[in-house]
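Following: one structure in structure tokens, then a few remarks.
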Amino acid sequence: MHGEYKVPGGKLVVVDLDEDRGVLRNVRVAGDFFLEPDEALLAVNRALEGAPASADAEQLAGRIAASLPLGTIMYGLTAEGVAVAVRRALAQATDWTDYNWQLIHERPQSPALHMALDEVLTAEVAAGRRPPTLRVWEWGAPAVVIGSFQSLSNEVDSRAAQRHGMTVVRRISGGGAMFVEPGNTITYSLSVPASLVSGLSFADSYAYLDDWVLGALDDMGIKAWYQPLNDISTDVGKIAGAAQKRMVRPDGGEGAVLHHVTMSYDLDADKMLEVLRIGREKLSGKGTGSAAKRVDPLRRQTGLPREVVIDRMIESFRARYGLTPGHITRQESERADELAASKFTSSEWTSRIP
């Protein structure tokens, strides 16, 4: 069995192993990390040899940490990273490069249609009728997008939203509210087979699915990192937030994961604070007393036009994993139109938690 895992902000860890009668055998750890002394690698292999195949990542990491010689130095490597690579090997997880990725980047769409497209395209990936897809959104109207489990009245000042011509829609993933203005926002979705994140915890899958965008930002001179659970931040503020939805297949197949991210390219902070009801509890949990200071847009950090930022992100993904231009099929478009009308523009869905 073979498993790979790139440690967030670190290096690639590769694990090859066998499973025999419920325990790990012939464990071999490798990668482009740095580790001193050399004997530490042997200690890691020995710690994993004979470990129960049912052990979770935390238990495996504990065995590894306890085995390391005194004074061991790891750079680009963690005991947790090795443990995750082991779990991915056992789960027979797939890798980014195992797929022919498709790019969808089309004309601006209404907020409700974007919600519907996420659901439809991810369901198609789960069914095996669509390859893994990176979809870059273009917004046709300003909007507030609330999480699947948020209270509409608690999160949005509906009168202010109406005054500013903002549509309010509810998405299928959890997480917090998104304040969207077409020229000020960059949003993308990944619709991927569930096997791509096999062996990862829910929390680890967030960082894993957005490691590529951290690389793209780095190429533009932005040193960004993942702030658990679902923020992308720099030393001057948050620039993006992510959310996920897991979809299962009716026949019990592997299913798919929807992972989408909204990035702030520019921001009208005063308008945002009129429309969103950002409570003191949330701000205190983020270590700041000002919602405006929590966000630092990409326009200021890069000095680049929005279209250039998007193009560089796409090229970064293509360079890493390959990316073929694609399109939304007629059947997908018809289904999305139907869902937008019946679900995502309905008050029953939008106000399901009033």
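What you see below is based on every heavy atom in this structure, not just the backbone, and it leaves out hydrogens, waters and symmetry mates. None of these values were measured; they are calculated from a predicted model.
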(message) Taking salt bridge (Lys or Arg N to Asp or Glu O under 4.0 Å) as the cut-off, I'd like each qualifying pair that reaches into residues 322-344, sequence neighbours left out, listed once.
(response) Glu119-Lys343, Arg130-Glu332, Arg330-Glu334, Arg335-Glu338

(message) For residues Leu323 and Val308: do they belong to one hydrophobic cluster (side chain heavy atoms under 4.5 Å, members Ile, Leu, Val, Met, Phe, Trp, Tyr)?
(response) yes

(message) Quick check: closest heavy atoms across Phe179 and Leu267, and the distance to 0.1 Å?
(response) CD2-CD1, 4.2 Å

(request) Output all residues satisfying salt bridge (Lys or Arg N to Asp or Glu O under 4.0 Å) with Lys6, sequence neighbours left out; order by chain, then residue number. (result) Asp211

(message) Can you pull out every salt bridge (Lys or Arg N to Asp or Glu O under 4.0 Å) where at least one residue sits in residues 213-226? Sequence neighbours excluded, please.
(response) Asp218-Lys223

(request) Any salt bridge (Lys or Arg N to Asp or Glu O under 4.0 Å) involving residues 179-189? Give me the pairs, sequence neighbours left out, ordered by first then second residue. (result) Glu181-Lys271

(message) Please determine whether a side-chain nitrogen of the Lys or Arg among Arg318 and Glu315 lies less than 4.0 Å from a carboxylate oxygen of the Asp or Glu.
(response) yes

(message) Do Leu48 and Leu17 have side chains that approach each other closer than 4.5 Å (heavy atoms only, starting at C-beta)?
(response) no

(request) Could you identify which residues cluster with Trp349, counting Ile, Leu, Val, Met, Phe, Trp and Tyr as linked when any side-chain heavy atoms lie under 4.5 Å apart, either directly or through a chain of such contacts? (result) Met115, Val120, Trp137, Trp139, Val145, Val169, Ile172, Met178, Val180, Met247, Leu258, Leu339, Phe344

(message) Suppose the criterion is side chain to side chain donor-acceptor pair (under 3.5 Å): which pairs have a residue in residues 163-180, not counting sequence neighbours?
(response) Arg163-Glu274, His164-Glu274, Arg171-Ser173, Ser173-His260

(message) If I compare all heavy atoms of Ser316 with all of Gly215, which pair ends up nearest, and what's the gap?
(response) OG-C, 4.3 Å

(request) Give the other cluster members for Ile73, using side-chain heavy-atom distances under 4.5 Å between Ile, Leu, Val, Met, Phe, Trp and Tyr residues; answer none if it is isolated. (result) none

(message) Under the rule for side-chain hydrogen bond (donor to acceptor under 3.5 Å, both in side chains), what residues qualify as partners of Arg246, not counting sequence neighbours?
(response) Ser205, Gln244

(request) May I ask you to decide if Pro354's main-chain N or O and Ser151's side chain share a donor-acceptor pair within less than 3.5 Å? (result) yes

(message) Any salt bridge linking Asp266 with Arg306? Criterion: basic side-chain nitrogen under 4.0 Å from a carboxylate oxygen.
(response) no

(request) Please list, chain by chain and in numerical order, all residues satisfying side-chain hydrogen bond (donor to acceptor under 3.5 Å, both in side chains) with Trp96, sequence neighbours excluded. (result) Tyr208

(request) Grab the two heavy atoms, one from Ala83 and one from Leu60, that are nearest each other, plus how far apart they are. (result) CB-CB, 3.7 Å

(message) Could you report the tightest heavy-atom contact between Gln150 and Ala177, atom names first, then the distance?
(response) OE1-N, 3.2 Å

(message) Under 4.5 Å side-chain heavy-atom separation, chaining through any Ile, Leu, Val, Met, Phe, Trp or Tyr, what else clusters with Val14? Say none if it is isolated.
(response) Leu12

(message) Would you compute the distance between atom CD1 of Ile353 and atom CG of Asn154 and round it to the nearest 0.5 angstrom?
(response) 10.0 Å

(message) Show every salt bridge (Lys or Arg N to Asp or Glu O under 4.0 Å) that has at least one partner inside residues 49-63, sequence neighbours left out.
(response) none

(message) Is any side-chain heavy atom of Arg135 closer than 4.5 Å to one of Glu106?
(response) no

(message) For a quick test of reading the model, state the closest non-hydrogen atom pair linking Ala336 to Ala116 and the distance between them.
(response) O-CB, 3.3 Å

(request) Please name the pair of heavy atoms, one in Asp118 and one in Thr122, separated by the smallest distance, quoted to 0.1 Å. (result) O-OG1, 2.8 Å

(request) Quick one: pull up OG1 in Thr329 and CD1 in Ile104 and give me the separation to the nearest 0.5 Å. (result) 8.5 Å

(request) For this output row, return yes or no: ring centroids of Trp212 and Tyr321 closer than 6.0 angstrom. (result) no

(request) Please check if any side-chain donor atom of Ser153 sits under 3.5 Å from a side-chain acceptor atom of Arg277, or the reverse. (result) no

(request) Please name all residues satisfying side-chain hydrogen bond (donor to acceptor under 3.5 Å, both in side chains) with Tyr188, sequence neighbours left out, ordered by chain then number. (result) Asp210

(message) If you define the side chain from C-beta out and look only at heavy atoms, does anything of Val82 sit under 4.5 Å from Met74?
(response) no

